[in-house]
Structures are given as C-alpha cells and as structure tokens.
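Everything quoted here is computed from the prediction, not taken from an experiment. The first residue of the sequence shown is numbered 1, and numbering continues consecutively from there. In each ligand, atom 1 is the first atom listed, and ligand 1 is the first ligand listed.
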Amino acid sequence: MKISSLQKARYEYSPKLPGMLRNGISNICVKEGEETQSVADQEKIKALFPNTYGKKEITFQQGENTSETKKQVVGVILSGGQAPGGHNVICGLYDALKATNKENVLYGFKNGPIGLIEDDYLIFDDAYINEYRNTGGFDIIGSGRTKLETEEQFAIVAEVCKKHGITAIVIIGGDDSNTNAAVLAEYFAAHNTGVQVIGCPKTIDGDLKNEDIECSFGFDTATKTYSEIIGNIERDANSAKKYWHFIKVMGRSASHVALECALETQPNICLISEEVSAKKMSLSSIADYIADSVEKRAAKGMNFGVAIIPEGVVEFVPEFSVLISEINELLAGSKADAFNALGTWKEKYEFIENGLTKESMDVFAILPEAIQQQLFLERDPHGNVQVSLIESEKLFSALVKDKLEERKKAGTYTGKFNPLHHFLGYEGRCAFPSNFDSDYCYSLGYNAFMLIQYGYNGYLSKISNLSNPASEWVAGGMPITKMMNIERRHGEDKPVIKKALVELEGKPFKFFEAHREEWAVETCYVYPGAIQYYGPAEVCDITTKTLALEQE
Ligand code: FBP
C-alpha cells in the first residue's frame with residue numbers, strides 16, 4: 001500500500017498517556033470513589049438498571065495492580081459517524097490488553113453494531129494494528145449506524161460472545177450508542193453472562209459531554225480542520241474584498257462545532273442554533289441580523305465577509321420546525337408514495353399547498369425552490385427530514401439578498417453583495433488526529449482495558465483534566481447510568497444519556513457574545529492555519545478554545 005510521508009511519520013508518534021497510566025500495567029491500581037446517582041429521574045433509572053445502577057466512580061492511580069489474571073478476550077465496535085482518533089482508541093486498547101497478557105485476544109467486529117449481530121469480525125495482531133496508529137478514519141474495521149437496542153439483538157450478541165469466549169465488549173460511540181451500551185451491560189449482568197461492557201465517548205459534534213465527560217473525541221481535530229479552512233477563506237475574502245462567504249459546518253443539532261470555529265476564527269457572523277431557539281428568532285429576523293452586518297461593512301467600503309451557519313439551525317427556527325413537522329406528517333407512511341408518484345414539481349407544489357396550514361405555506365413560499373425541494377428528499381429511518389441535506393447556507397444568503405434589495409430600494413444600502421457557499425463536514429471527520437485527539441483516544445482505549453481488567457461493567461472510559469498537559473490528565477471510569485435521565489423519544493419514555501446543547505450561560509458562548517458585535521462590523525479575522533503535528537507544544541498540543549474557556 002502506498003502511504004504518504006505524513007502517515008509514515010505519524011506511525012512513529014507515541015501518544016501521551018495520563019501520568020498515572022505511565023508506569024506499566026503492573027503499576028496501576030484502582031481508587032473507588034462515591035456511589036453514584038443518575039443526573040435525574042433516579043427512581044425510574046434505578047428500576048430499569050437494577051444490576052448496574054448506583055455503582056462507584058473510579059480513578060486509577062500508581063500502585064500495585066491487583067486485578068484478576070484471567071485471560072481476556074475483548075470485542076470492539078465503532079458506532080455511528082467517523083471521528084478522528086477512533087483508530088487510536090483501538091490501538092490503546094490493544095496495547096494495554098497485550099501488555100497485560102500476550103495470550104489476550106482483541107476481536108474487531110466489522111461495520112458497526114451489525115458486525116456483532118452477524119458475527120463478522122477480524123482478530124487484531126501487531127502488523128494489522130501498526131498500520132492504523134495515529135491515523136484518521138474508521139476503516140480499521142468500519143462503522144455503521146445500526147442500533148443495538150432490542151432484547152432479541154442482545155440475545156444474539158450474548159451467543160456470539162459465548163461462541164468466542166468473549167469477556168468484554170468495548171463500544172466506541174456517541175450518546176445513543178453509549179445509552180445502548182448501558183442497556184446491554186444491564187442485560188449481560190441480569191443474565192449472568194459474565195461479559196462486561198465499556199463505552200468510549202465519540203463524536204465530532206461535541207454534544208456528548210457533561211460534568212463527567214469533558215469532551216468527546218474527534219471534536220478537537222474536526223474543528224481544527226474546519227477552522228483552518230475558514231481562516232483561509234477569511235484571508236482570501238480580505239484579500240479579494242468582493243465576496244461574502246456563507247459556510248455551513250457539520251454538527252447535527254447542537255452548535256458546538258460552529259461556536260468553536262467562531263472562537264478560533266472570529267468571523268463576521270456565526271449563528272448559534274440554541275440562541276435562535278431561545279430567542280424564537282424567525283427566518284426573517286435572522287436574515288435581517290446578517291443583512292445588518294453586510295450593510296454596516298458595506299458602508300465602510302467592505303463588501304465582503306464570512307458567516308458560519310450550523311447545519312442544524314433550520315430546525316431551531318420556530319416557524320421552520322413547524323413547517324418540517326407538517327411536511328413529515330404530509331409524507332407519513334404511504335402518503336410519501338402518493339407524493340413521489342406525482343410527475344412534475346408543479347403537481348407536487350399543489351399537493352403541498354393543499355396539505356400545509358396557511359402559516360406553514362407562507363414560510364414555504366418564501367424559500368428558494370432548491371430548498372423547497374430539499375425538504376422533500378428521502379427521510380431518515382425515523383421518517384424525519386435529513387437537515388444536513390438542506391443547504392441552509394444558500395437559504396440564508398438568498399434571504400439576505402432579498403433583504404438587501406429592499407434596503408437598496410429604501411436607499412439605506414448601496415453596497416455590492418456577491419455570496420459564495422461552502423459546506424464543511426465530511427472532510428473533518430477522518431483527518432489525521434491532532435496530537436490532542438491522538439493522545440486522548442489512545443488513553444481512552446488503554447483506560448477502557450484497565451476498566452475491563454478490574455471487572456467493571458456498564459462504565460464509560462473517562463479521561464479528565466483535559467485542558468492541562470497529558471501528564472496531568474486523570475484516568476478512571478464512570479457508570480453510564482450516572483449520565484442518564486428519562487426523555488420522550490418516538491412516543492415512549494426512554495432512559496437516555498442527556499445530549500449537551502450549547503449553554504447560553506456557559507463561558508464559550510458568553511465570550512462569543514461579548515465580541516460578536518465588533519466582529520460583525522470590523523475585520524477581526526484570526527487565521528489558525530493547518531493542524532501542526534510537530535513543533536512546540538503551545539502550537540501542537542493546544543486543545544479547543546471551548547474546553548479552555550470551560551475549564552478556566
Ligand atoms: P455521530 O453523531 O454518529 O458521531 O455523527 C455525527 C455526524 O457527523 C453529524 O455531524 C452529521 O450530521 C452526521 O454525522 C452525518 O451523518 P452521515 O455520516 O450518516 O451522513
């Protein structure tokens with residue numbers, strides 16, 4: 001296989017472990033903390049997890065390893081969207097497992113949770129693992145979005161584990177996958193299978209975080225990748241002085257990615273979906289807000305700018321979310337077939353006009369035709385609009401253009417408005433992990449094996465104190481049930497890990513809020529440049545501004 005010079009060099013990188021995990025496997029002992037309670041709905045969660053609820057938080061420290069010496073056969077899966085560093089979680093897991101006992105075995109189940117159901121796997125060895133050290137992507141075993149959530153699936157997984165003598169499963173995934181990890185752990189405990197389950201917090205979206213999990217892996221590299229590109233675009237904008245760039249960034253519902261990129265690059269505009277929702281901002285008021293910046297900059301002779309749009313924002317605009325739910329209703333079940341059978345867009349438009357309320361039709365009617373059509377693209381498996389397919393960057397630039405035309409007529413605006421559009425998403429999910437993600441992920445995997453070795457079940461691998469150098473990081477584990485509450489999902493009450501949205505009272509947003517007025521009118525761009533893997537620690541090992549502000 002032909003590999004790049006950087007890939008070759010990255011194979012040689014030694015990820016940094018937290019200080020307490022650096023003294024060799026025989027020198028890691030456990031300190032148990034307090035028993036835990038779930039963040040809310042304690043009685044309900046306790047009743048649903050009678051075997052795994054209330055366990056103690058643990059930390060590792062230097063000291064004699066007193067764990068069991070049984071042979072471990074561990075299975076690992078990657079679940080959901082790619083996030084840089086996933087390979088290193090597996091490398092860390094493998095290294096700790098082999099350092100403990102050469103006879104231990106690591107199975108990689110392929111293409112996500114489905115691999116466990118279909119018993120589709122490979123067995124890792126040194127040669128295979130070494131090809132993936134410090135690289136991006138999930139191609140080491142593949143990933144997938146199948147969910148492990150039903151009793152039937154759990155019974156199949158238990159059989160697969162029995163067949164291979166598997167003693168533990170590590171699930172590398174986001175909030176839903178780790179919720180399912182907790183349910184699987186409870187099932188295994190209730191059925192006395194002896195199989196343990198450990199989760200690792202993954203997602204570029206940054207929405208799997210709470211008082212225990214400081215950040216999910218992949219967020220650091222993905223936001224650094226996007227920020228590099230945004231910074232480059234800003235510099236181009238400031239050189240050419242003739243375009244307004246509308247840049248949509250990935251991140252699903254929460255705006256952590258957009259906010260971090262804004263803190264890194266100081267664009268003229270960054271929408272924050274959580275604020276749009278809290279202030280009940282309409283499409284028109286958002287367009288006015290952006291147009292104000294365009295107008296003020298134009299008055300200073302600056303007919304250029306940069307606006308960051310979080311991919312999920314439209315769902316947070318009240319009238320738009322009503323429109324989306326009406327459309328979901330309009331296409332529910334077999335009604336979608338009737339709609340798709342209509343030949344022309346004109347016929348479809350009539351169908352839509354007859355099906356929507358007047359209020360929603362008013363919103364629909366002002367959308368550009370391309371966006372109208374995107375709202376009728378294929379639904380996700382739950383029947384919902386796939387918001388990441390809606391070109392909201394084009395939607396907002398079109399609405400801003402209309403506003404500016406009105407202002408031109410009113411004589412308040414005399415500038416030029418040439419918008420360009422970008423979407424930053426997939427290119428950030430498989431980048432070579434930054435030193436931070438390389439170190440964090442390797443530590444998460446190494447630590448996950450220590451949790452297995454000490455017999456813990458239903459725990460999330462936890463590495464904390466992350467804004468400090470890795471030597472000061474703290475390794476341990478937290479029962480997943482501690483992070484759960486009850487939420488209404490698809491018409492049912494479900495125990496789930498609470499998704500973290502941007503907190504409008506939190507320090508990262510407050511910092512942004514304090515500076516954005518100036519950024520909107522002046523040119524305060526910051527150019528972060530490409531991720532640096534070699535060089536001084538203050539350039540190569542810095543973490544996100546979000547984490548730094550949160551831990552100030
Ligand atoms: P996870 O939540 O599984 O980590 O995936 C995150 C994400 O990259 C979102 O930011 C994005 O909206 C979505 O996946 C895209 O999904 P897909 O890869 O199926 O197109």
Side-chain angles (χ1 to χ4, degrees), residues 77-87 89 111-114 136-139 141-149 171-181 199-210 213 215-227 229 247-261 271-274 308-316 324 374 377-393 422-431 433 437 440-441 444 460 489 496-502 544 546:
I77 58 167
L78 291 161
S79 182
Q82 285 69 248
H87 288 169
V89 180
N111 304 321
I114 191 86
F138 276 7
D139 43 324
I141 45 174
S143 184
R145 292 201 182 275
T146 330
K147 295 194 185 308
L148 272 187
E149 53 189 353
I171 295 181
I172 303 170
D175 53 338
D176 280 348
S177 305
N178 278 298
T179 292
N180 294 339
C200 289
K202 170 235 73 164
T203 178
I204 63 152
D205 298 353
D207 57 5
L208 171 49
K209 67 174 169 183
N210 47 48
I213 302 302
C215 75
S216 55
F217 78 75
F219 179 72
D220 186 86
T221 310
T223 53
K224 282 189 166 82
T225 306
Y226 303 147
S227 298
I229 300 168
I247 309 174
K248 181 173 85 165
V249 294
M250 234 184 202
R252 214 188 281 279
S253 302
S255 299
H256 299 291
V257 174
L259 178 56
E260 171 61 21
C261 293
L271 301 180
I272 301 294
S273 306
E274 291 82 348
I308 299 179
I309 315 287
E311 75 171 351
V313 67
V314 286
E315 266 189 321
F316 288 75
I324 288 178
Q374 283 158 18
L377 290 175
E378 203 186 323
R379 313 334 254 173
D380 74 5
H382 304 293
N384 297 318
V385 171
Q386 299 190 57
V387 278
S388 69
L389 300 181
I390 298 174
E391 294 174 304
S392 38
E393 70 284 21
H422 314 261
F423 170 44
L424 302 181
Y426 297 95
E427 57 271 68
R429 301 199 312 182
C430 287
D437 270 328
Y440 181 38
C441 292
L444 283 170
L460 203 63
R489 296 269 173 102
V496 293
I497 298 176
K498 208 166 184 288
K499 203 183 256 311
L501 297 178
V502 169
T544 58
T546 303

task = Identify, for atom 20 (O) of ligand 1, the protein heavy atom at the shortest distance, and state residue, atom and that distance.
result = Tyr426 OH, 2.6 Å
query = Heavy-atom contacts under 4.0 Å between Thr203 and ligand 1: side chain, backbone, both, or neither?
reply = both
remark   = Short version for Arg145: what comes under 4.0 Å of ligand 1, heavy atoms counted, is side chain
Partners passing salt bridge (Lys or Arg N to Asp or Glu O under 4.0 Å) against Glu391 (at least two apart in sequence or in another chain) = Lys394
message = Can you tell me if Gly251 contacts ligand 1 (heavy atom of the residue under 4.0 Å from the ligand)?
response = yes
task = Only one of Ile308, Ile247, Ile309 passes side chain to side chain contact (heavy atoms under 4.5 Å, CB included) with His422; say which it is.
result = Ile247
ask   = Is there a donor-acceptor pair under 3.5 Å between the side chain of Asp437 and the backbone N or O of Thr221?
value = yes
key: Nearest option to atom 7 (C) of ligand 1, as decided by whichever heavy atom of Arg429, Gln82, Lys499 sits closest   = Arg429
Closest non-hydrogen atom pair, Thr225 against Ala431 = OG1-CB, 3.7 Å
query = In the protein, which heavy atom is nearest to atom 3 (O) of ligand 1, and how far is it?
reply = Gly81 N, 2.7 Å
remark   = Across all chains, not counting sequence neighbours, the salt bridge (Lys or Arg N to Asp or Glu O under 4.0 Å) partners of Arg429 are none
ask   = Which ligand 1 atoms, with their elements, are less than 4.0 angstrom from a heavy-atom of Lys202?
value = 1 (P), 3 (O), 4 (O)
request  = Write out the residue and atom name of the closest protein heavy atom to atom 2 (O) of ligand 1, then the distance separating them to 0.1 Å.
outcome  = Arg252 NH2, 3.3 Å
request  = Below 4.0 angstrom from a heavy atom of Glu311, which ligand 1 atoms are there? Numbered from 1 as shown, please.
outcome  = 9 (C), 10 (O), 11 (C), 12 (O)
inquiry  = Whether the side chain of His87 engages the backbone of Gly136 through a donor-acceptor N/O pair (distance < 3.5 Å, no angle test) should be reported.
reply    = yes
note = The closest protein heavy-atom partner of atom 9 (C) of ligand 1 is Asp205 OD1, 3.5 Å
ask   = Quick check: does any side chain N or O of Ser216 sit under 3.5 Å from a backbone N or O of Thr203, one acting as donor and the other as acceptor?
value = yes
ask   = When you check the side-chain N and O atoms of Ser255 and Glu274, is any donor under 3.5 Å from an acceptor?
value = yes
inquiry  = Geometry only, no angles: is Gly80 polar-contacting ligand 1 at N/O separations under 3.5 Å?
reply    = no
